[in-house]
Q: 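Encoded as structure tokens, here's the structure I'll be asking about.
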Amino acid sequence: MAAKTPFEIHIPQSTLQDLQDRLNRTRWTSEPEDSGWGMGTSLGYLKDLVDYWQHAYDWRKHETALNQFHHFKTAVDGVDIHFIYEQGNGTMPIILTHGWPDSFYRFHKIIPMLSHPERFGGNAEDTLDVVVPSMPGFGFSEHKAMTASAVADLWFKLMTEVLGYEKFAAAGGDLGTEVTRELALKYPDVVTAIHLTDVGYPNGTEDFASLSPAEQQFAGLAQQWWYTEGAYNMLQSTKPQTLGPGLTDSPVGLAAWILEKFYSWSDNRGDIESCFTKDELLTNIMIYWVTETINSSIRMYLENTRAIYAQGYGPKPVARVEVPTGVASFPGEMTPVPREWAERHVNLQRFTAMKQGGHFAALEEPELFAAELRSFLRHFRIVNIRA
């Protein structure tokens, strides 16, 4: 069994002082009158958040809170991986995979709800062993961009060789959906069940005439979303090195790039702080800033795109996942998925149209998300899981 080493987050004070110096020297841009969030990140909100960042936000407080979890590092196939590992009292392990522009921090609220549900009004028998890694290129893992398929291979070895599980469940959203799907496709004898908040989007290979009315509407909304909201994806999938230097050098630029997604992809109804506190927004941004991983994180989009076109062909039809799958469709998601689309792409065992919440549901609506995940996994209890 490969070794894992305890890890503690401790950012040098010089890094925090450098951040303050840069914030103090911010050169602000202009903004058309009354533009709000309609042209991107609201300048008024950004200035308010940066003022809070300078004068009230306390990284050390959040660093201490994060260190209450059990953090580890290990090397898998020569790649350094950071992960949180919280063991419950049961026999069900699950690996949770974040996306972009969030981080392992996406799941920090639900980790104790899953590992010790009885403390939150849940059933003790639903306890899980929870593994939350930082993907390569993100946070405290190695600054190496990899495809979702390659990350899935690392997660398989992390769970089986490092942690010694014979079988496990997996869940994710955004890029984490791609990783989780790849785990199920490549290791169906080991992955007992997966849970997703999206199942992917039309890629042009579908027979549109075969789609149900709900799927056709979904495809139309996805196309509309791509033209109105997808510019970040095109840039990160083609020219990330043009974007990377500016986001690495400017904390305010980094904040603006990330904030717009948290606003647009949440169920906020016009008020981002109805979903996330300033401290939550800034702590996620800080994980990118202090680790200097924004550039390697966005390069994952390029790696995934190169893999699609590696053989000189365009996208191929998406393989169907046969591992039992649960899907939670949140109304504030980029394009909420209809049941028929989920059934087309996965072995759907549970589909729930959630009443509220968005793309970052585990952070935005942790109680709802954790309860839904526990309810789904209750049917897939695992025994004799240790190798």
Side-chain angles (χ1 to χ4, degrees), residues 8-31 34-37 40-69 71 84 98 100-112 134 138-140 246-294 297 332 357-367:
E8 182 177 79
I9 302 171
H10 183 75
I11 302 306
Q13 188 61 34
S14 59
T15 299
L16 303 181
Q17 184 58 53
D18 174 73
L19 169 62
Q20 286 297 319
D21 293 343
R22 290 170 186 263
L23 292 174
N24 287 330
R25 296 196 307 271
T26 298
R27 185 169 66 173
W28 292 102
T29 187
S30 61
E31 179 183 58
D34 299 324
S35 61
W37 292 86
T41 296
S42 162
L43 184 61
Y45 183 78
L46 183 60
K47 286 184 174 180
D48 183 49
L49 185 69
V50 169
D51 180 73
Y52 182 85
W53 203 354
Q54 289 177 283
H55 302 112
Y57 177 77
D58 183 357
W59 164 257
R60 292 298 185 205
K61 180 179 98 171
H62 294 284
E63 185 180 68
T64 298
L66 288 174
N67 280 328
Q68 298 305 304
F69 295 114
H71 295 257
I84 292 174
H98 63 82
W100 184 93
D102 57 285
S103 59
F104 73 90
Y105 186 70
R106 171 195 280 236
F107 298 114
H108 82 281
K109 292 181 181 178
I110 70 166
I111 293 173
S134 296
F138 291 74
F140 299 100
L247 300 185
T248 301
D249 187 63
S250 169
V252 174
L254 175 66
W257 193 249
I258 290 177
L259 278 174
E260 187 249 312
K261 304 310 173 196
F262 274 78
Y263 179 86
S264 298
W265 300 350
S266 62
D267 193 17
N268 63 67
R269 297 174 177 84
D271 178 13
I272 192 172
E273 291 187 23
S274 68
C275 297
F276 315 104
T277 66
K278 284 184 172 70
D279 280 62
E280 289 168 352
L281 293 168
L282 286 171
T283 299
N284 182 68
I285 292 166
M286 284 288 289
I287 290 170
Y288 282 94
W289 180 260
V290 300
T291 60
E292 300 181 36
T293 52
I294 187 62
S297 75
H359 187 68
F360 309 100
L363 185 62
E364 186 178 343
E365 296 289 348
E367 292 86 0

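Small disclaimer: the values here were computed from a predicted structure and weren't measured.
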Q: What I want to check is whether the side chains of N284 and S103 have a donor and an acceptor closer together than 3.5 Å.
A: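 Side-chain D/A pair, N284 to S103: present.
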
Q: Apply side chain to side chain contact (heavy atoms under 4.5 Å, CB included) to residues D48 and Y52 and explain how you reach the verdict.
A: CA-CA 6 Å; D48 183 49; Y52 182 85; 5.9 Å; no

Q: Working to the nearest 0.5 angstrom, can you tell me the gap between R22 CZ and Q54 CD?
A: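 One finds 14.0 Å between CZ of R22 and CD of Q54.
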
Q: Under 4.5 Å between any side-chain heavy atoms of W257 and P101, yes or no?
A: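 The answer is no; the side chains never approach within 4.5 Å.
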
Q: Quick one: which of Y105, F107, F138 gives a ring-ring contact (aromatic ring centres under 6.0 Å, His included) with H98?
A: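 When Y105, F107, F138 are each tested with H98, the ring-ring contact (aromatic ring centres under 6.0 Å, His included) holds only for F138.
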
Q: Using only atom types and a distance under 3.5 Å, with no angle test, would you say the side chain of E63 pairs donor to acceptor with the backbone of I11?
A: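 Yes, E63 side chain to I11 backbone: donor-acceptor pair under 3.5 Å.
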
Q: Between S250 (side chain only) and G246 (backbone N and O only), is there a donor and an acceptor less than 3.5 Å apart?
A: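 Absent.
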
Q: Looking at Q20, I'd like to know if its CD atom is crowded, meaning that more than 12 non-hydrogen atoms belonging to other residues, nucleotides or ligands lie closer than 6.0 Å.
A: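 More than 12 within 6.0 Å, yes.
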
Q: Quick check: does any side chain N or O of E364 sit under 3.5 Å from a backbone N or O of C275, one acting as donor and the other as acceptor?
A: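 Pair absent, no side-chain N/O of E364 close to backbone of C275.
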
Q: With rounding to the nearest 0.5 Å, note down the distance linking CD in E292 to CG in D249.
A: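 Between atom CD of E292 and atom CG of D249 there are 10.0 Å.
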
Q: Might you point out which heavy atoms bring L363 and H108 nearest each other, and give the distance in Å?
A: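 Heavy atoms of L363 and H108 come nearest at CD1-CE1, 3.6 Å.
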
Q: Begin from the C-alpha positions of F262 and E280 and carry the test side chain to side chain contact (heavy atoms under 4.5 Å, CB included) through to its verdict.
A: CA-CA 11 Å; F262 274 78; E280 289 168 352; over 6 Å; no

Q: Could you state the interatomic distance from CG (L23) to CH2 (W53), rounded to the nearest 0.5 Å?
A: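 Those atoms lie 5.5 Å apart.
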
Q: Between atom NZ of K278 and atom CG of D51, what is the distance when rounded to the nearest 0.5 Å?
A: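 Here the interatomic distance stands at 9.0 Å.
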
Q: Can you sort out the partners of W59 under ring-ring contact (aromatic ring centres under 6.0 Å, His included), two or more places apart, ordered by chain and number?
A: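 With neighbours one apart ignored, the set is empty.
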
Q: Is the shortest distance from a Lys or Arg side-chain nitrogen in D102 or K261 to a carboxylate oxygen in the other one below 4.0 Å?
A: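 A salt bridge is absent here (no side-chain N lies under 4.0 Å from a carboxylate O).
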
Q: Search all heavy atoms of T283 against all heavy atoms of H62 and return the closest pair with its distance.
A: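 So the minimum-distance heavy-atom pair works out to OG1-CG, 3.4 Å.
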
Q: Which heavy atom of L46 sits nearest to which heavy atom of V252, and what is that distance?
A: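 L46 and V252 have their closest heavy atoms at CD2-CG1, 3.8 Å.
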
Q: Parallel, tilted or perpendicular for W265 and W100, by the 30°/60° rule?
A: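 Ring orientation of W265 relative to W100: perpendicular.
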
Q: Provide the closest heavy-atom pair for P251 versus L19 in the form atom of the first, atom of the second, distance.
A: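 It is CB-CD1, 3.5 Å.
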
Q: Any carboxylate oxygen within less than 4.0 angstrom of a Lys/Arg side-chain nitrogen, looking at E31 and K47?
A: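 Salt bridge between E31 and K47, a charged N being under 4.0 Å from a carboxylate O: no.
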
Q: Assess the residue pair I287 and F104 against the criterion (side chain to side chain contact (heavy atoms under 4.5 Å, CB included)); give the C-alpha distance rounded to whole Å, side-chain angles, the decisive distance to 0.1 Å, and a yes or no.
A: CA-CA 9 Å; I287 290 170; F104 73 90; 3.8 Å; yes

Q: With sequence neighbours excluded, tell me which residues meet ring-ring contact (aromatic ring centres under 6.0 Å, His included) with F140.
A: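 ring-ring contact (aromatic ring centres under 6.0 Å, His included) list for F140, sorted by chain: F7, H82.
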
Q: Specify the closest pair of heavy atoms between M286 and L16, including all atoms of both residues, with the distance to one decimal.
A: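 Nearest pair, atom of M286 first, then L16: CE-CD2, 3.9 Å.
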
Q: What's the separation between atom CZ in R25 and atom CZ in R27, rounded to the nearest 0.5 Å?
A: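 It comes to 12.0 Å.
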
Q: Looking only at atom types and distance, does a side-chain atom of R106 sit under 3.5 Å from a main-chain N or O of A362, one as donor and one as acceptor?
A: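 Answer holds: no.
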
Q: Report yes if the side chains of I285 and L259 come closer than 4.5 Å at any heavy-atom pair, otherwise no.
A: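 Yes - at least one pair of side-chain heavy atoms lies under 4.5 Å apart.
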
Q: Measure the OG-CD distance between S266 and E273 for me, rounded to the nearest 0.5 Å.
A: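 Reported to 0.5 Å precision, the distance equals 11.5 Å.
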
Q: Answer yes or no: is there a side-chain heavy-atom contact under 4.5 Å between I9 and V290?
A: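 Result no, sub-4.5 Å side-chain heavy-atom pair not found.
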
Q: Taking the six-membered ring for Trp, are Y45 and W37 ring centroids under 6.0 Å apart?
A: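 Aromatic pair counts; centres sit under 6.0 Å.
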
Q: Of all the heavy-atom pairs spanning E8 and N67, show the shortest one and how long it is.
A: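 Residues E8 and N67, closest heavy atoms: CG-ND2, 3.4 Å.
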
Q: Apply side chain to side chain contact (heavy atoms under 4.5 Å, CB included) to Y263 and T41, showing your working.
A: CA-CA 8 Å; Y263 179 86; T41 296; over 6 Å; no

